[in-house]
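Working notes for the structure below.
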Amino acid sequence: MTGEGGYEAIYAVVRRVPRGRVATYGQVALLAGRPGRARQVGYAMHALPEGSGVPWQRVINASGRISFHPDSMEHAVQRALLESEGVAFGPGGAVSLERFGWKPRTKAGGRRR
DNA sequence: ACTCAGGCGCTAC
DNA sequence: AGTAGCGCCTGAG
């Protein structure tokens, strides 16, 4: 087997992120079965074609901030998309992961907030 | 608050 | 074909 594709696992996880919620690169990598490969998640998002149906905007860094350069257009686009989905940015352009952080459902009791 | 260092895999020149 | 730089993370100073 030439090995399975690669990014599919990451895309699958990102696709599972509900609207109005955000996930971190490390979290996606972990859920995709690639702990520690957070960087690859960023590349997967960058290599993602338009109209792929993968909400790449819902993926941000562990600081709750957009990883793109603050002065870059991608930054503004991602932020606008997230705000459009109901995600609120705090001072400094940071999202409260405690509130908007995607909490993947585990078998344990879903004690969310 | 910031810098430095280690780990990990990929992309671009 | 080798080297730096990245949509990163974490920990320590």
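So you know, we letter chains A, B, ... as the sequences are listed, proteins then strands, and number each from 1.
The shortest side-chain heavy-atom distance between A:Ile60 and A:Gln78 falls under the 4.5 Å cut-off. Residues A:Val22 and A:Val59 are not in side-chain contact: their nearest non-hydrogen atoms beyond the backbone lie 4.5 Å or more apart. The closest side-chain heavy-atom distance from A:Ile10 to A:Tyr7 is below 4.5 Å.
Note on A:Val59: a base of the nucleic acid sits closer than 4.0 angstrom, heavy atoms only. Residue contacts for A:Glu74: at a heavy-atom cut-off of 4.0 Å it reaches no nucleic acid atom on any strand shown.
Rounded to whole Å, atom C1' of C:dC8 lies 14 Å from atom CG of A:Leu30. Put simply, CG on A:Asp71 is 16 Å from C1' on C:dG7, counting in whole angstrom units. With rounding to whole Å, A:Arg39 atom CZ is found 15 Å from C:dA4 atom P. Regarding A:Asn61, its CG atom lies at a distance of 7 Å from the P atom of C:dC8, rounded to whole Å. Between the CD atom of A:Gln27 and the P atom of C:dT10 there is a distance of 10 Å, rounded to whole Å. Distance A:Ile10 CD1 to C:dC9 C1': 14 Å, rounded to the nearest Å. Between the P atom of C:dC8 and the CH2 atom of A:Trp56 lies a distance of 13 Å, rounded to the nearest Å. Residue A:Met45 contributes atom CE, which lies 10 Å from atom C1' of C:dG7 at whole-angstrom precision.
In this structure, A:Arg39 fails the cation-pi test against A:Tyr25, since its NZ or CZ atom is not both closer than 6.0 Å to the six-membered ring centre and inside 45 degrees of the ring normal.
Formation of a donor-acceptor pair under 3.5 Å by the A:Arg37 side chain with backbone atoms of A:Pro35 is found in this model. Without hydrogens or angle criteria, A:Tyr11 side chain to A:Ala44 main chain gives a donor-acceptor distance under 3.5 Å. No side-chain donor-acceptor contact under 3.5 Å links A:Gln40 to the backbone of A:Ala29. At least one donor-acceptor pair closer than 3.5 Å links the side chain of A:Arg65 to the backbone N or O of A:Gly92.
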Item checked: Evaluation steps, salt bridge (charged side-chain N to carboxylate O under 4.0 Å, His left out), between A:Glu85 and A:Arg21 -> CA-CA 8 Å; A:Glu85 294 183 351; A:Arg21 206 67 75 138; over 6 Å; no
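C:dA1 and B:dC8 are spaced 26 Å apart, taking the P atom of each and rounding to whole Å. Taking atom P on both C:dG7 and B:dG7, the two are 22 Å apart, rounded to the nearest angstrom.
Stem regions annotated for DNA chain B: B:2-7 with C:8-13, B:9-13 with C:2-6, counting only runs of 3 or more consecutive pairs of Watson-Crick or G-U type with both contacts under 3.5 Å.
A 4.0 Å heavy-atom criterion places the boundary nucleotides of DNA chain B facing chain A at B:dC8 to B:dT11, written 5' to 3'.
The nucleotide whose nearest atom lies closest to any side-chain atom of A:Phe68 is, among C:dG7, C:dC9, C:dC8, C:dG7.
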